[in-house]
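The figures here come from the full heavy-atom set of this structure, side chains too, leaving out hydrogens, waters and symmetry mates. Along the sequence shown, residues are numbered consecutively beginning with 1. Both ligands and their constituent atoms are indexed starting at 1 by order of listing.
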Amino acid sequence: MAKVDIDNLRMRDVESHYTRYANSKLCNVLWTKALAKRLHAAGVTVNCVHPGLVKTNIFQRLGNVSRAIWLMLIGLFFKSPVEGAQTCIHLCVAPELENATGDYYSECKKQCLSNRADDDEFAEAVWRETLKIISD
Ligand SMILES: NC(=O)c1ccc[n+]([C@@H]2O[C@H](COP(=O)([O-])OP(=O)(O)OC[C@H]3O[C@@H](n4cnc5c(N)ncnc54)[C@H](OP(=O)(O)O)[C@@H]3O)[C@@H](O)[C@H]2O)c1
């Protein structure tokens with residue numbers, strides 16, 4: 001669903017919440033890849049985690065119609081926060097992942113990246129543009 005325009009990372013004119021969300025998640029993965037390269041020499045590891053669908057406060061700001069539907073689905077199918085935290089915890093404590101970095105995990109396993117998320121050149125562009133935005 002992501003449609004990242006590198007010249008418009010702030011997405012102020014992008015109306016769809018879903019596109020904005022998808023773009024932000026893709027940029028999380030790309031930015032993490034770029035950060036991992038920079039921290040490698042220091043021995044610091046960084047990874048991305050998809051927690052699954054988790055009952056958190058993330059849905060509190062949805063509009064009324066979407067919110068009612070989401071709240072019903074959340075109650076029925078979503079993980080508890082404790083369950084949703086398991087992949088993060090696994091990454092922090094699993095000895096075999098001590099040197100794992102720049103990867104994407106879900107359900108405590110490394111996952112394949114989409115072509116768009118596995119693009120080093122694009123990751124560097126996202127990194128540069130993000131630094132520009134931060135320093136504005
Ligand atoms: N829940 C899911 O099903 C799900 C699925 C996939 C991915 N994720 C991802 O998991 C991450 C956490 O989401 P969540 O479900 O735990 O949502 P959440 O319950 O809404 O928690 C979001 C957290 O981010 C903090 N935060 C928000 N804006 C911030 C800002 N500008 N500066 C500093 N902190 C800020 C909030 O702080 P305050 O409490 O102080 O506002 C809150 O602690 C998000 O990146 C989300 O996209 C969630």
Heteroatom distance test (His50, ligand 1): nitrogen or oxygen, under 3.5 angstrom:
no

Any non-hydrogen protein atom below 4.0 Å of atom 40 (O) of ligand 1?
no

Can you confirm whether something in the protein, heavy atoms only, sits under 4.0 Å from atom 30 (C) of ligand 1?
no

Check each atom of ligand 1 against the heavy atoms of Tyr21 and keep those under 4.0 Å away; list them by number with element.
6 (C), 7 (C), 8 (N), 9 (C), 46 (C), 47 (O)

What protein heavy atom lies closest to atom 2 (C) of ligand 1? Include the residue and the distance to one decimal.
Val54 N, 3.6 Å

When distances are taken from atom 15 (O) of ligand 1, the protein heavy atom at minimum range is Thr56 OG1, 2.5 Å

Run the salt-bridge test on Lys33 and Asp118 with the 4.0 Å N-O cut-off and return the result as yes or no.
yes

Whether Arg38 and Glu124 form a salt bridge (side-chain N of Lys/Arg under 4.0 Å from carboxylate O of Asp/Glu) is what I want to check.
yes

Does the protein put a heavy atom less than 4.0 Å from atom 36 (C) of ligand 1?
no

Any protein heavy atom < 4.0 Å from atom 27 (C) of ligand 1
no

Check the orientation of Phe78 and Trp70. Use parallel for under 30°, tilted for 30 to 60°, and perpendicular for over 60°.
perpendicular

Evaluate the 4.0 Å heavy atom contact test for atom 47 (O) of ligand 1: does a protein atom fall under the cut-off?
yes

Are Glu15 and Arg20 close enough for a salt bridge, meaning some N to O gap below 4.0 Å?
no

Atom of Val44, atom of Thr101 and distance for their closest heavy-atom approach:
O-OG1, 4.2 Å

Using a 3.5 Å cut-off on N or O atoms only, is Leu53 in polar contact with ligand 1?
no

Atom 17 (O) of ligand 1: protein heavy atom closer than 4.0 Å?
yes

State, to 0.1 Å, how close Cys108 and Thr87 come at their nearest heavy-atom pair, and which atoms those are.
N-OG1, 3.0 Å

Is it the case that the side chain of Asn47 and the backbone of Leu91 share a donor-acceptor pair, with hydrogens and angles ignored and the cut-off at 3.5 Å?
no

Quick check: is Val82 connected to Ile74 through a chain of hydrophobic side chains (ILVMFWY, heavy atoms under 4.5 Å apart)?
no

Could you say whether the N/O atoms of Lys25 and ligand 1 ever approach to under 3.5 Å?
yes

Can you report which non-hydrogen protein atom sits closest to atom 10 (O) of ligand 1, along with the distance?
Pro51 CG, 4.4 Å

Heavy atom of protein closer than 4.0 angstrom to atom 6 (C) of ligand 1
yes

Take atom 44 (C) of ligand 1 and look for protein heavy atoms under 4.0 Å from it; say yes if you find one, no if not.
yes

Proximal atoms of ligand 1 relative to Asn57 (non-hydrogen, under 4.0 Å):
19 (O), 20 (O)

Cys27 and side-chain contact (heavy atoms from CB on, under 4.5 Å): which single residue from Val4, Thr32, Thr130 fits?
Val4

Best match, Gly84, Ala85, Gly52, Pro81: closest heavy atom to atom 4 (C) of ligand 1
Gly52

Closer than 4.0 angstrom, basic N to acidic O: yes or no for Arg10 and Asp5?
no

Which protein heavy atom lies closest to atom 13 (O) of ligand 1, and at what distance to 0.1 Å?
Ile58 CD1, 4.0 Å

Smallest separation among heavy atoms of Leu30 and Ala117, with atom names:
CD2-O, 3.6 Å

